[in-house]
Peer 1: 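To start, I am sharing the structure in question, which I have written as structure tokens.
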Amino acid sequence: MWIGVVSLFPEMFEALTRQGVTGRAVEKGRIDLEFWNPRDYATDRHRTVDDRPYGGGPGMLMKVDTLRAAIHDARSRAEIATGQRPKVIYLSPQGRRLDQRGAGELASGPPLVVVAGRYEGIDERVVEADIDEEWSIGDYVLSGGELPAMVLIDAAARLVPGVLGHQDSALEDSFNDGLLDCPHYTRPEDVEGRRVPEVLLSGHHGAIRRWRLKQSLGRTWLRRPDLLEGRTLNDEQRELLEEFIEEYAP
Ligand SMILES: Nc1nonc1C(=O)N1CCN(Cc2ccccn2)CC1
């Protein structure tokens, strides 16, 4: 998957390009990440990239001409590198909330140009002319769009075929889909008197699968009941959840 990034702080993205799953995916060429910095398009002596808001008020906006030049070059490069028109995304609290389904849509869609805003944001005419979709990673205000951009890229990149190793992709299988994860345990068997659930030591794979599914369903019921609304459980899932509820609130 080809992803272009427009950011004043491209070095922040080394967290993605040099580490872990995404780092390996970039190294293996499963993910192509390229960067454009609006500051490289500044022609004045001070290399200005921000500008004052019409109507006054605190803060600055990203300067229109340097931002648009960077977006246009990233878009042109995407079309040359992939033969496809990219989807240009802007991260902001005003955007569609990112969730696993949205990450899947992005991963299976066209190449992306991800625009990370700074200051008080970008001119609305740039949103209208150059941005295809606005996305948010949550209802809180960060100092810039770089961290949200990395969250979106990481969530989408993991879903690109070939990015996750076989054992990791098992974690993404349908059973976990839409449910909270079950508890996990590793050595030692006893931590200050707290023991690993016996079923996990039994080697009985069927019982272990059912125990994990039951725990996922139960945790979802307890912590995120909204995730179960409108969801049809199959017979096994309904039975296990009823068992969990019975044990939880006999
Ligand atoms: N939450 C989030 N989910 O995506 N992005 C964020 C986020 O907090 N930020 C910080 C402010 N930036 C600049 C900005 C300010 C105001 C309007 C538009 N843009 C954008 C990215």
Side-chain angles (χ1 to χ4, degrees), residues 1-17 19 21-22 31 33-42 46-75 78 86-160 224 226-227:
M1 180 176 199
W2 190 93
I3 301 174
V5 176
V6 173
S7 167
L8 291 169
F9 302 104
E11 66 280 1
M12 285 181 69
F13 291 79
E14 287 178 17
L16 279 178
T17 57
Q19 301 292 334
V21 166
T22 47
I31 302 288
L33 265 184
E34 296 190 38
F35 298 90
W36 282 265
N37 186 338
R39 196 174 296 280
D40 295 338
Y41 298 83
H46 299 293
R47 305 190 71 205
T48 308
V49 290
D50 60 349
D51 210 340
R52 291 183 302 117
Y54 281 119
M60 303 288 276
L61 292 175
M62 293 189 75
K63 195 169 184 302
V64 168
D65 60 351
T66 47
L67 175 61
R68 294 201 78 195
I71 294 173
H72 293 175
D73 276 2
R75 197 204 329 265
K87 178 184 285 186
V88 183
I89 282 174
Y90 180 64
L91 278 303
S92 85
Q94 288 73 40
R96 170 184 168 184
R97 175 69 73 86
L98 179 69
D99 58 12
Q100 194 64 14
R101 185 161 57 84
E105 289 173 28
L106 294 171
S108 56
L112 300 178
V113 171
V114 181
V115 180
R118 279 271 155 176
Y119 315 113
E120 299 312 308
I122 67 178
D123 187 296
E124 192 60 19
R125 293 162 297 176
V126 176
V127 177
E128 290 165 3
D130 298 324
I131 303 296
D132 295 311
E133 296 178 1
E134 276 190 84
W135 286 76
S136 167
I137 64 165
D139 294 335
Y140 36 81
V141 181
L142 301 168
S143 314
E146 281 75 16
L147 288 175
M150 283 191 268
V151 165
L152 181 140
I153 292 168
D154 188 278
R158 293 169 53 82
L159 301 177
V160 171
R224 290 292 307 279
D226 58 296
L227 295 178

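Side-chain atoms are counted along with the backbone in the values below, which use heavy atoms only and exclude waters and symmetry mates. By convention here, the first residue in the shown sequence is residue 1. Indexing begins at 1, ligand by ligand and atom by atom, following the structure's order.
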Peer 1: Taking only residues two or more places apart in sequence or in another chain, which ones pass ring pair (Phe, Tyr, Trp, His ring centres under 6.0 Å) with Tyr119?
Peer 2: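 None.
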Peer 1: Considering non-hydrogen atoms of the protein only, which is the closest contact for atom 21 (C) of ligand 1, and what is the distance?
Peer 2: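 Going atom by atom, the protein heavy atom closest to atom 21 (C) of ligand 1 ends up being Leu91 O, 3.5 Å.
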Peer 1: Could you measure the distance from the OG1 atom of Thr48 to the CE atom of Met60? Nearest 0.5 Å is fine.
Peer 2: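 Thr48 OG1 to Met60 CE: 8.5 Å, rounded to 0.5 Å.
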Peer 1: Name the closest protein heavy atom to atom 9 (N) of ligand 1, giving the residue it belongs to and the distance to 0.1 Å.
Peer 2: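 Looking at atom 9 (N) of ligand 1, the protein heavy atom closest to it is Gly144 O, 3.8 Å.
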Peer 1: Ignoring hydrogens, just give me the one of Ala149, Gly121, Pro148, Gly117 whose non-hydrogen atom is nearest atom 6 (C) of ligand 1.
Peer 2: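 Minimum heavy-atom distance to atom 6 (C) of ligand 1 goes to Pro148.
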Peer 1: I'd like to know whether CZ of Arg96 has more than 12 heavy-atom contacts from other residues, nucleotides or ligands below 6.0 angstrom.
Peer 2: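 Count over threshold, so yes.
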Peer 1: Students should be able to answer this: which protein heavy-atom is nearest to atom 18 (C) of ligand 1, and at what distance?
Peer 2: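 For atom 18 (C) of ligand 1, the nearest protein heavy atom is Tyr90 OH, 3.5 Å.
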Peer 1: Tell me whether Asp51 contacts the main-chain N or O of Leu61 through its side chain, where contact means a donor paired with an acceptor under 3.5 Å.
Peer 2: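 No, Asp51 side chain to Leu61 backbone: no donor-acceptor pair under 3.5 Å.
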Peer 1: Before accepting this row, confirm whether a basic side-chain N of the pair Arg118/Asp50 lies closer than 4.0 Å to the acidic partner's carboxylate O.
Peer 2: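 Answer for the salt bridge query: no.
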Peer 1: Could you identify the single nearest non-hydrogen protein atom to atom 1 (N) of ligand 1 and state the distance to 0.1 Å?
Peer 2: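 Ranked first by proximity to atom 1 (N) of ligand 1 is Tyr140 O, 2.8 Å.
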Peer 1: Does the distance from a Lys or Arg side-chain N to an Asp or Glu carboxylate O, for Asp40 and Arg47, drop under 4.0 Å?
Peer 2: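 Answer for the salt bridge query: yes.
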Peer 1: Among all protein heavy atoms in this structure, tell me which lies nearest to atom 3 (N) of ligand 1, with the distance rounded to 0.1 Å.
Peer 2: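 In this structure, atom 3 (N) of ligand 1 has Ile137 N, 3.0 Å as its nearest protein heavy atom.
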Peer 1: Looking at residues at least two apart in the chain, or sitting in another chain, which of them share a ring pair (Phe, Tyr, Trp, His ring centres under 6.0 Å) with Phe13?
Peer 2: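 By the ring pair (Phe, Tyr, Trp, His ring centres under 6.0 Å) rule, Phe13 matches Phe35.
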Peer 1: Which protein heavy atom lies closest to atom 16 (C) of ligand 1, and at what distance to 0.1 Å?
Peer 2: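 Protein heavy atom with the smallest distance to atom 16 (C) of ligand 1: Glu120 O, 3.3 Å.
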Peer 1: What protein heavy atom sits nearest atom 17 (C) of ligand 1, and how far off is it?
Peer 2: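 Protein heavy atom at minimum distance: Gln94 OE1, 3.5 Å.
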Peer 1: For Val141, counting its heavy atoms only, list the atoms of ligand 1 lying under 4.0 Å from any of them.
Peer 2: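 Answer for ligand 1: 8 (O).
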Peer 1: Verify, without hydrogens or angle tests, whether Thr66 (side chain) and Ala42 (backbone) share a donor-acceptor contact under 3.5 angstrom.
Peer 2: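 Here the side-chain-to-backbone pair does not exist.
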Peer 1: If the cut-off is 4.0 Å to any non-hydrogen atom of Gly145, which atoms of ligand 1 fall inside it?
Peer 2: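 Listed by number with element: 21 (C).
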Peer 1: Which heavy atom of the protein is the closest neighbour of atom 11 (C) of ligand 1, given with residue, atom name and distance?
Peer 2: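 The closest heavy atom on the protein side is Leu142 O, 3.9 Å.
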